[in-house]
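For reference, the structure is listed below as structure tokens.
Numbers here are sequence positions counted from 1.
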Amino acid sequence: VMMSTPILSTKLHIPSPRSRVVPRPRLIERLNEGLFLQRKLTTISASAGCGKTTLLSQWIEGSPLPVAWLSLEEGDREPARFLAYLAAALQTIGIDIGEGVMSKLQTPSPLPLPIEAIVTAILNHIAILPDRFILVLDDYHVVDSKPIDSALGFLIERMPPQMHVVIASRHDPGLPLARLRARDQLTEVRT
């Protein structure tokens, strides 16, 4: 089933920080460290209600870099839909993902979706960007899908240095974390 439903724009909105929120300078510093050291990925793993989204919105408020935000939901475990939302999130910060990619994601086809080809096209559009930016995937645990883990793993392994990915989830994402850890490309924040 391909994506013919329109993009729900509220899933791309960065939540505004609550007014009465406990400042967490140590955690903010940890998130900044991942950026400063130009690591590829930051994961925030903690159970429900621990304040992952709140921490992220606090951090983003003080961030000098543009942020593409995607709040995930169960329907996004379908690869075409996930990639369409990923592309839409990147477009919110002015990344031109290209008509070819979007039309591939929106045209029904009997063939399996060429996931790697689409991710490669997205990476090529990102690679020409002059400036650094952050991509946040919030509630990644709801997706729980091998094809999406592998698409995202492919993206993270090959992404250009101007991109930093942050994943907030209730448990570690199914990505090659050990390899990223060994290469000092991973910042981890836990409960």
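Side-chain polar atoms of Ser57 and Trp59 form no donor-acceptor pair below 3.5 angstrom. Using a 3.5 Å distance cut-off with no hydrogens or angles, the side chains of Asp149 and Tyr140 do pair a donor with an acceptor. Side-chain atoms of Ser47 and Arg170 form no donor-acceptor pair, as typed in the model, at a separation below 3.5 Å.
Residues Val101 and Ala121 come closest through the heavy atom pair CG2-CB, 3.4 Å. Closest non-hydrogen pair, Val165 versus Met159, comes out as CG2-SD, 3.7 Å. Pairing each heavy atom of Thr53 with each of Pro15, the nearest pair is CG2-CG, 3.6 Å. The heavy-atom pair separating Leu177 from Leu186 by the smallest distance is O-CD2, 3.8 Å. Of all heavy-atom pairs between Pro79 and Ile115, the closest is CB-CD1, 3.7 Å. Among all heavy-atom pairs drawn from Ala87 and Met102, the shortest one is CB-SD, 3.5 Å.
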List the steps and the verdict of side-chain contact (heavy atoms from CB on, under 4.5 Å) for Leu31 and Ile44.
CA-CA 9 Å; Leu31 295 174; Ile44 301 172; 3.9 Å; yes

Apply side-chain contact (heavy atoms from CB on, under 4.5 Å) to Ser45 and His171, showing your working.
CA-CA 5 Å; Ser45 303; His171 45 73; 6.0 Å; no

Leu70 and Val136: side-chain contact (heavy atoms from CB on, under 4.5 Å), yes or no, with the steps?
CA-CA 6 Å; Leu70 174 53; Val136 174; over 6 Å; no

Start with the C-alpha gap between Tyr85 and Leu105, add the side-chain angles, then the distance that decides, and say whether side-chain contact (heavy atoms from CB on, under 4.5 Å) holds.
CA-CA 10 Å; Tyr85 268 107; Leu105 291 171; over 6 Å; no

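By the 4.5 Å heavy-atom criterion applied to side chains, Trp69 and Ile134 are not counted as neighbours. Under the 4.5 Å side-chain criterion, counting only non-hydrogen atoms from C-beta, Pro160 is in contact with Leu123. Glu33 has its side chain within reach of Leu37: a pair of non-hydrogen atoms, C-beta onward, lies under 4.5 Å apart. When side chains are defined from C-beta on, Val22 does not count as touching Thr54, because their heavy atoms never get closer than 4.5 Å. With contacts defined as side-chain heavy-atom distances shorter than 4.5 Å, the pair Leu56/Val67 does not qualify. No side-chain heavy atom of Ser169 sits less than 4.5 Å from a side-chain heavy atom of Thr43. Using a 4.5 Å cut-off on side-chain heavy atoms (C-beta onward), Val119 and Phe154 make contact. A heavy-atom distance below 4.5 Å is not found between the side chains of His141 and Leu72.
Under the 3.5 Å distance criterion, the side-chain polar atoms of Glu74 are left unmatched by any main-chain donor or acceptor of Val142. Side-chain atoms of Arg30 never come within 3.5 Å of backbone atoms of Thr187 as a donor-acceptor pair (strictly under, hydrogens ignored). Lys40 contributes no side-chain N or O that, together with a main-chain N or O of Gln185, makes up a donor-acceptor pair within less than 3.5 Å. Side chain of Gln162 to backbone of Pro130: no donor-acceptor contact under 3.5 angstrom is found.
Leu175 and Val166 fall into different hydrophobic clusters, where Ile, Leu, Val, Met, Phe, Trp and Tyr are joined by side-chain heavy atoms under 4.5 Å apart, directly or via other members. One hydrophobic cluster, built from ILVMFWY side chains closer than 4.5 Å, cannot hold both Ile95 and Leu65; they sit in different ones.
The CG atom of Leu152 sits 4.5 Å away from the CD1 atom of Ile167 when rounded to the nearest 0.5 Å. The CE atom of Met163 sits 9.5 Å away from the CG atom of Leu129 when rounded to the nearest 0.5 Å. In this structure, the separation between OG on Ser71 and CG on Leu12 is 8.0 Å, given to the nearest 0.5 Å. Note: Ile97 CD1 to Ile126 CD1 = 5.5 Å, rounded to the nearest 0.5 Å. Atom CD1 in Ile93 sits 8.0 Å away from atom CG in Leu135 (nearest 0.5 Å). Here the CD atom belonging to Glu188 is positioned 4.0 Å from the CZ atom belonging to Arg181, to the nearest 0.5 angstrom.
Of the charged side-chain nitrogens involved, at least one lies within less than 4.0 Å of a carboxylate oxygen, so that Glu157 and Arg183 count as a salt-bridged pair. Classification of Arg39 and Asp184 as a salt-bridged pair holds, one side-chain N sitting under 4.0 Å from a carboxylate O. In summary, Arg81 and Glu73 engage in a salt bridge, as defined by a charged side-chain N under 4.0 Å from a carboxylate O. Classification of Arg26 and Glu29 as a salt-bridged pair fails, no side-chain N sitting under 4.0 Å from a carboxylate O.
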